[in-house]
Amino acid sequence: MTEQTPQKFISLQALDRLIAAHDGDVALLFLHRLRQGSLDEERAASDLCRTMEQIRAAEEKLQRMEAPERAPAPALSPAIGKAEPAPAEELPQYTAEEIDRRSRGDETLKAVYAEAAQVMGHALNSGDLQLIFGIYDHLGMPPEVIVELLHYSNELNQQKYNGERRLTAHFLEREAYTWANREILTLDQAEDYIRTQREMHSELGRLRTALHLSALSATQERDLSLWLEQGFGEDAILIAADRTVTNTGSLKWSYLRKILQSWQEKGLHSPAEIEEKDPARSSRTAPAEPARQKPLSPAEWDSILEKI
């Protein structure tokens, strides 16, 4: 009787991370560990024809790649996807020797360092190198995606500070975690995300003008981004704003938020749906019709004429 081997499955997320790592040793070690059910370094080295040093380096990288999957990712803020890194997701500390050893001979990674130095406007210091290498090694982001991340982060930074500040490592790290939490691991995913975010930014600009706001606060930007993501168009948001001003005398933001929350709960998003299912209630009392006068009698007419 043939012995049946239990089936083992690999999640699509795990496959995406392995492919994005661009590291054959890591992929082989992952498959070997999955097949054996646990890691035996000596057997892995023998079966995969690798040195113990290569096995340990691959296992170290594999553990770092899997760390974000074990720790629950923080909820994304609806405002352009900004998310604070959770403490468990902090990038590991690499020594300068380790970064140099593991980057040696990797011309693609060296090109990323050069691109980062150009975008950030200065030679990379040890902290910058730790960050770039951590994004590559710990977050599993391939070099071509890191280049897109660098340029888009710089674009956001220029918009935020009106071109007066260079891109910093802190700003880049925050955006890197946003991408990691959204599992942006391929060039196509990066380009789609950037296009979507640029469209969102344009819509926010139009809404700011239509709402007669000189600038958007962080709260306003977050709320407007959420409403756009929920499917409310500019027209629907302006209807809510008009009702807010009509009922409160000003654009009271908490009142506006309640209107949009109510429509979201009712599944009303388009102007047609809103006008049909939640028509505006007029706050003004309709003027009373003037009392209809009875026709004057002949005697009344005679009285009026005598007085003329």
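Only heavy atoms go into these numbers, but all of them, side chains included; no hydrogens, no water, no symmetry mates.
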Which is it for R257 and W227 under the side-chain contact (heavy atoms from CB on, under 4.5 Å) test, yes or no, and what are the steps along the way?
-> CA-CA 9 Å; R257 186 187 295 122; W227 299 332; 4.0 Å; yes
Starting from the C-alpha separation in whole Å, work towards a yes-or-no answer on side-chain contact (heavy atoms from CB on, under 4.5 Å) for R208 and Q220.
-> CA-CA 9 Å; R208 180 186 62 77; Q220 290 170 336; over 6 Å; no
Test log, rule side-chain contact (heavy atoms from CB on, under 4.5 Å), inputs L48 and Q54 | CA-CA 10 Å; L48 301 177; Q54 289 173 315; over 6 Å; no
Worked check of side-chain contact (heavy atoms from CB on, under 4.5 Å) between I55 and L29 = CA-CA 7 Å; I55 291 296; L29 185 62; 4.3 Å; yes
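We find the CD-CG distance between E175 and L156 to be 5.0 Å, quoted to the nearest 0.5 Å. Summarising the geometry, atom CG belonging to L167 is positioned 5.5 Å from atom CG belonging to L172; distances are rounded to the nearest 0.5 Å. L224 contributes atom CG, which lies 10.0 Å from atom CE of M200 (distance to the nearest 0.5 angstrom).
When side chains are defined from C-beta on, K266 does not count as touching E273, because their heavy atoms never get closer than 4.5 Å.
The only member of K160, R198, H201 that meets side-chain hydrogen bond (donor to acceptor under 3.5 Å, both in side chains) when paired with E155 is R198. Residue Q130 is tested with I99, L91, I135 for a side chain to side chain contact (heavy atoms under 4.5 Å, CB included); the sole match is I99.
The environment of CZ in R165 is sparse: at most 12 heavy-atom neighbours from other residues, nucleotides or ligands sit within 6.0 Å. E42 CD: 12 or fewer foreign heavy atoms inside a 6.0 Å radius. Within a 6.0 Å sphere centred on NZ of K110, other residues, nucleotides and ligands contribute more than 12 heavy atoms. The environment of NE2 in H170 is sparse: at most 12 heavy-atom neighbours from other residues, nucleotides or ligands sit within 6.0 Å.
Side-chain N or O atoms of E275 include none that pairs as donor or acceptor with a backbone N or O of P271 at under 3.5 Å. Using modelled atom types, one side-chain atom of N247 and one backbone atom of R243 make a donor-acceptor pair closer than 3.5 Å. The backbone N or O of A240 sits less than 3.5 Å from a side-chain atom of T244, completing a donor-acceptor pair. Although no hydrogens or angles enter the test, the distance criterion places a donor-acceptor pair under 3.5 Å between the side chain of D128 and the main chain of N125. Within the 3.5 Å criterion, the main-chain N or O of K258 finds no donor-acceptor partner in the side chain of S262.
Looking only at atom types and distance, the side chain of Y113 has a donor-acceptor partner in the side chain of S103 under 3.5 Å away.
The heavy-atom pair separating L238 from A210 by the smallest distance is CD2-CB, 3.8 Å. Nearest heavy atoms, L207 versus E234: CD2-CG, 3.7 Å.
Note: the hydrophobic cluster containing L251 also contains I259 (ILVMFWY, side chain heavy atoms under 4.5 Å, direct or indirect links). A continuous path of Ile, Leu, Val, Met, Phe, Trp and Tyr side chains, each step under 4.5 Å between heavy atoms, connects I237 with W253, placing both in one hydrophobic cluster. Residues L149 and L187 do not share a hydrophobic cluster, clusters being chains of Ile/Leu/Val/Met/Phe/Trp/Tyr side chains in contact below 4.5 Å.
Taking 4.0 Å as the cut-off between side-chain N and carboxylate O, R101 and E97 do not count as a salt-bridged pair.
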